[in-house]
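Naming convention: chains lettered A, B, ... in sequence-line order (proteins, then strands); numbering from 1 in each chain. Being a predicted model, the structure only gives us computed values, none of them experimental.
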Amino acid sequence: MASLHKKIVTLFEETADMLEVNNENPFKVRAFRNAARAVEGVGKKIEDMAQQGKLEEINGVGKSIAEHIQDIIHHGTFPEYQKLHKQIPSEVLEMLSIPGVGAKKARTLWKELNIKSIKALEHACHKHLVSEFSGFGKKSEEKILAGIEGLKKFSDLFRFDEANAEAAKLLSYLKKSSHLIQLELGGSLRRHKEICKDIDLIASSNKPNKLMDYFVAYPEVASVINKGTTKSSVKLQSGINVDLRVVSDEDFPFALHHFTGSKEHNVALRTLAKAKGFKLNEYGLFKGKKEIFVSCKNETDLFKHFGMDFIPPELRENQGELEAAQDHALPDLVTLSDLKGVLHCHSTYSDGKNSMEEMALAAKDEGFSYIGITDHSHSAAYAGGMKLADIKRQHKEIDALNKKLKEIQILKGIEVDILEDGSLDYKNEVLALFDFVIASVHSRFKMGEKKMTERICTALASPYVDILAHPTGRLLLEREAYEVNLAQVIECAAKNGVAIEMNANPRRLDIDWRYGKLLKEKKVKSCISPDAHSTDQLDFCNYGIGIARKGWLEAGDILNTLSADALLKHFSQMRKKRRC
DNA sequence: GCCGTTTTCGGCCCGACTGTTTTCAGTCG
């Protein structure tokens with residue numbers, strides 16, 4: 001997310017927290033949370049929208065919030081935020097991150113007990129000062145202390161791949177239970193969000209008590225947070241929380257839909273249901289005032305009742321999917337089997353762990369018909385970047401391998417560094433040796449948005465650059481993206497016929513799915529690339545597919561759904577276009 | 001504060017679990 005987007009989202013979320021602590025109108029609180037979500041999902045540059053007076057076109061942004069956004073753009077903050085910030089110490093807000101402490105409790109602790117920070121709260125709990133107060137008991141103290149311990153020990157966010165691996169193990173454990181009828185993954189994992197807070201599982205059973213007993217007995221459970229007949233929560237040893245919901249088999253489609261979310265999608269669908277005379281919750285769809293249960297076999301059936309096509313879980317973010325489903329205009333999302341080859345892979349010629357032959361054979365085993373070997377260019381010394389002699393040696397070896405190997409073709413590619421001034425790490429005559437060129441930024445991240453945008457756009461104007469790789473350089477939960485105006489970069493890519501990579505490495509997942517619609521609108525192609533540094537990383541493509549689907553992308557939007565011949569023809573046509 | 005098939009005012013999704021209290025408020029998703 002661009003830094004301004006992020007700033008607006010943070011300020012609105014903090015405002016919502018502060019309003020809540022101040023016990024103000026809950027709907028105003030919700031309005032700020034909605035606005036934060038809405039801004040987060042905007043794939044366009046917010047400054048441009050502000051300048052064009054289009055902020056109020058964002059669903060959830062009205063006159064007042066549009067003014068706040070203008071204030072943030074020009075002054076970095078807005079008056080209402082500053083006023084609240086003066087009243088409420090920021091450490092009081094930090095207490096909201098403790099599980100079980102919400103706005104009301106935080107307010108009571110602060111106003112009645114003069115506790116203003118997590119540290120002070122921990123001290124007060126140890127001294128049993130909290131349990132003496134009305135509304136809090138011994139258990140509350142224990143829960144707060146356990147929550148504080150948890151905060152110290154674990155970050156509460158996990159990358160998709162980490163959460164998915166934990167979920168897969170747990171699913172296979174639960175499937176062994178004889179008390180289970182149906183079981184599915186739900187929540188943000190099913191929606192393929194790049195970052196997850198927890199794992200949601202939905203099951204149907206005739207003996208929920210027994211299933212819950214089996215669930216909390218999972219050997220990797222570190223602690224049981226709560227246990228009931230329809231909902232239980234545990235924390236695993238890895239630190240991630242898991243919620244299991246159990247319903248009757250008849251209710252399963254409704255529960256699955258409900259707990260897949262997103263919250264915003266659910267609210268929108270329920271509002272729509274209400275307008276059509278239905279009530280929708282996790283236990284069913286109910287018609288009319290008498291609330292007659294409407295049976296549904298599955299989610300497809302459920303959507304059908306609203307005149308909608310089935311909405312793939314990845315799209316359920318209330319970003320226009322309900323309207324598209326009603327108009328029968330949902331995209332035909334790309335799938336793994338659409339990919340004919342992979343384009344961004346490293347070998348022992350730079351920092352890869354496997355030889356080109358090993359990489360090619362592994363790609364063939366994955367069902368691909370071509371692999372683009374793209375080792376690092378000279379400047380990437382940390383990654384063993386190639387000198388001219390290495391390139392010649394590599395190309396000779398590729399020619400020999402292409403004669404020897406059946407059913408897999410190796411394309412000669414390069415991942416060339418974009419230098420500080422936007423020039424490329426090799427001269428044009430060297431770049432001309434390759435079938436295709438991927439360009440990327442690996443150095444000087446902190447040059448500021450304007451310079452970085454110019455740097456990348458300069459590179460995209462090179463006649464030889466075919467693909468821009470990992471356009472923001474982010475490492476999820478590790479390193480922030482460098483500041484860059486992606487909307488402008490996409491514009492440049494459109495002008496020059498350059499594709500923008502969907503880097504499928506689960507630490508990157510860059511370009512962000514929120515830009516998918518803009519790529520489509522500007523007719524900029526993407527490619528789903530594993531950025532594999534070993535044979536086992538070729539299956540990173542799975543993660544990239546999830547993110548591409550989340551960005552509404554179809555096979556026709558993705559370059560590596562083309563055959564090798566068609567792909568090379570595409571690159572050659574675009575290079576001609578750039579030279580004109 | 002937002003929004004409109006209930007349309008410029010009045011409603012805004014809905015239910016489970018927990019802890020503390022004895023009927024419910026707070027938290028969470």
Open item on the list: Taking dG11(B) as the reference, what is the distance to dA16(B) when you measure between their C1' atoms (whole Å, please)?
Closed with: 25 Å
Open item on the list: Looking at dT20(B), I'd like to know if its phosphate oxygens (OP1 or OP2) sit under 4.0 Å from a side-chain N or O belonging to Ser140(A).
Closed with: yes
TODO: Look at the side chain of Asn281(A) and decide which nucleotide, out of dG15(B), dG29(B), dC13(B), has an atom nearest to it.
DONE: dG15(B)
Open item on the list: Need one value for Phe136(A): base, sugar-phosphate or nothing, where a base atom within 4.0 Å counts as base even if backbone is also close, heavy atoms only.
Closed with: sugar-phosphate
Task: Closest to the Asn226(A) side chain, choosing from dG29(B), dG19(B), dC17(B) - done: dC17(B)
Task: Integer-rounded Å distance: dG19(B) C1' and Phe133(A) CZ - done: 16 Å
TODO: Would you kindly give the CG-to-P distance between Leu280(A) and dG15(B), to the nearest whole Å?
DONE: 10 Å
Open item on the list: Heavy atoms only, 4.0 Å cut-off, all strands: where does Gly261(A) land among base, sugar-phosphate and nothing?
Closed with: nothing
Open item on the list: Please classify the nucleic acid contact of Lys227(A) as base, sugar-phosphate, or nothing, using heavy-atom distances under 4.0 Å.
Closed with: sugar-phosphate
- [ ] Take atom P in dG29(B) and the same atom in dT23(B), then report the distance between them in whole Å.
- [x] 30 Å
- [ ] Select one nucleotide: of dG26(B), dC2(B), dC3(B), the one nearest the side-chain heavy atoms of Ala31(A).
- [x] dC2(B)
Open item on the list: Pick the closest DNA chain B nucleotide for Ser64(A) and for Ala103(A) by heavy atoms, then say which residue is nearer the 5' end.
Closed with: Ser64(A)
TODO: Rounded off to whole Å, could you give me the NE2-to-P distance for the His257(A) and dC13(B) pair?
DONE: 15 Å
Open item on the list: Measure CZ/Phe27(A) against P/dG11(B) and give the value in whole Å, please.
Closed with: 10 Å
Task: Sugar-phosphate, base or nothing in reach of Leu272(A), heavy atoms under 4.0 Å - done: nothing
Open item on the list: Applying a 4.0 Å non-hydrogen cut-off, can you work out what Glu80(A) is touching in the nucleic acid: base, sugar-phosphate, or nothing?
Closed with: sugar-phosphate
- [ ] Among the candidates dT27(B), dC13(B), dG1(B), find the nucleotide nearest to the side-chain atoms of Lys104(A).
- [x] dT27(B)
Task: Distance-only side-chain donor-acceptor flag, His470(A) / Arg507(A), under 3.5 Å - done: no
Task: Option from Arg33(A), Arg107(A), Lys28(A) for which salt bridge (charged side-chain N to carboxylate O under 4.0 Å, His left out) with Glu20(A) holds - done: Arg33(A)
Open item on the list: Below the 4.0 Å mark, does dC28(B) have OP1 or OP2 next to a side-chain nitrogen or oxygen of Lys105(A)?
Closed with: no
Open item on the list: Taking any heavy-atom pair under 4.0 Å as a contact, classify Pro99(A): base, sugar-phosphate, or nothing.
Closed with: sugar-phosphate
Open item on the list: Tell me whether Arg30(A) forms a cation-pi arrangement with Phe12(A), defined as NZ or CZ under 6.0 Å from the six-membered ring centre and within 45 degrees of its axis.
Closed with: no
Task: Whole-angstrom distance between dT20(B) and dG26(B), as gauged at atom P - done: 14 Å
Task: Given DNA chain B, 5'-ward residue of the pair Gly102(A) and Gly60(A), judged by closest heavy atom - done: Gly60(A)
Open item on the list: Apply salt bridge (Lys or Arg N to Asp or Glu O under 4.0 Å) to residues Glu91(A) and Lys119(A) and explain how you reach the verdict.
Closed with: CA-CA 9 Å; Glu91(A) 286 186 309; Lys119(A) 207 173 169 189; over 6 Å; no
TODO: Ignoring the backbone of Thr230(A), work out which of dC17(B), dG1(B), dC13(B) is nearest its side chain.
DONE: dC17(B)
Open item on the list: Is the phosphate of dG1(B) approached by Lys28(A) (side-chain N or O, under 4.0 Å from OP1 or OP2)?
Closed with: yes
Task: Whole angstrom value for the distance that separates C1' of dG10(B) from CG of Asn25(A) - done: 12 Å
- [ ] Could you check whether Lys276(A) gets within reach of a base, just the sugar-phosphate, or nothing at all, counting any heavy atom under 4.0 Å?
- [x] nothing
Open item on the list: For a quick check of understanding: with a heavy-atom distance under 4.0 Å over all strands, which category does Val29(A) fall into, base, sugar-phosphate or nothing?
Closed with: nothing
Open item on the list: Say we look at dC3(B) and dT8(B): how far apart would their P atoms be, to the nearest angstrom?
Closed with: 16 Å
TODO: Send over the distance from Asn266(A) CG to dC12(B) C1', rounded to a whole Å.
DONE: 16 Å
- [ ] Give none if dC24(B) has no partner; otherwise give the nucleotide forming a Watson-Crick or G-U wobble pair with it, both distances under 3.5 Å.
- [x] dG19(B)
Open item on the list: For dA16(B) and Tyr283(A) - does any side-chain N or O of the residue sit under 4.0 Å from the phosphate oxygens OP1/OP2?
Closed with: yes
TODO: Take the protein atom NZ of Lys63(A) and the nucleotide atom P of dC2(B), then report the distance between them rounded to whole Å.
DONE: 10 Å
TODO: Could you work out the separation of dC13(B) and dT6(B) based on their P atoms and round it to a whole Å?
DONE: 15 Å
Open item on the list: Is the distance between the ring centroids of Phe278(A) and Phe306(A) under 6.0 Å?
Closed with: yes
- [ ] State which of dC17(B), dT27(B), dC3(B) makes the closest approach to the side chain of Asn59(A).
- [x] dC3(B)
Task: OP1 or OP2 of dT18(B) under 4.0 Å from side-chain N/O of Lys231(A) - done: no
Open item on the list: Suppose you measure atom P in dC17(B) against the same atom in dC12(B); what distance do you get, rounded to whole Å?
Closed with: 25 Å
TODO: Give a yes or no on whether Gln51(A) atom CD has more than 12 heavy-atom contacts from other residues, nucleotides or ligands under 6.0 Å away.
DONE: no
TODO: Using a 4.0 Å heavy-atom cut-off across all strands, classify Ser233(A) as base, sugar-phosphate, or nothing.
DONE: nothing
Task: N/O donor-acceptor pair, side chain Asp200(A) with base dG29(B), under 3.5 angstrom - done: no
Task: Whole-Å distance separating the CD atom of Glu264(A) from the C1' atom of dC3(B) - done: 17 Å
- [ ] May I ask you to say whether Glu317(A) pairs ionically with Lys263(A), meaning some side-chain N is under 4.0 Å from a carboxylate O?
- [x] no
Task: Arg316(A): which of Glu321(A), Glu264(A), Glu299(A) passes salt bridge (charged side-chain N to carboxylate O under 4.0 Å, His left out) - done: Glu299(A)
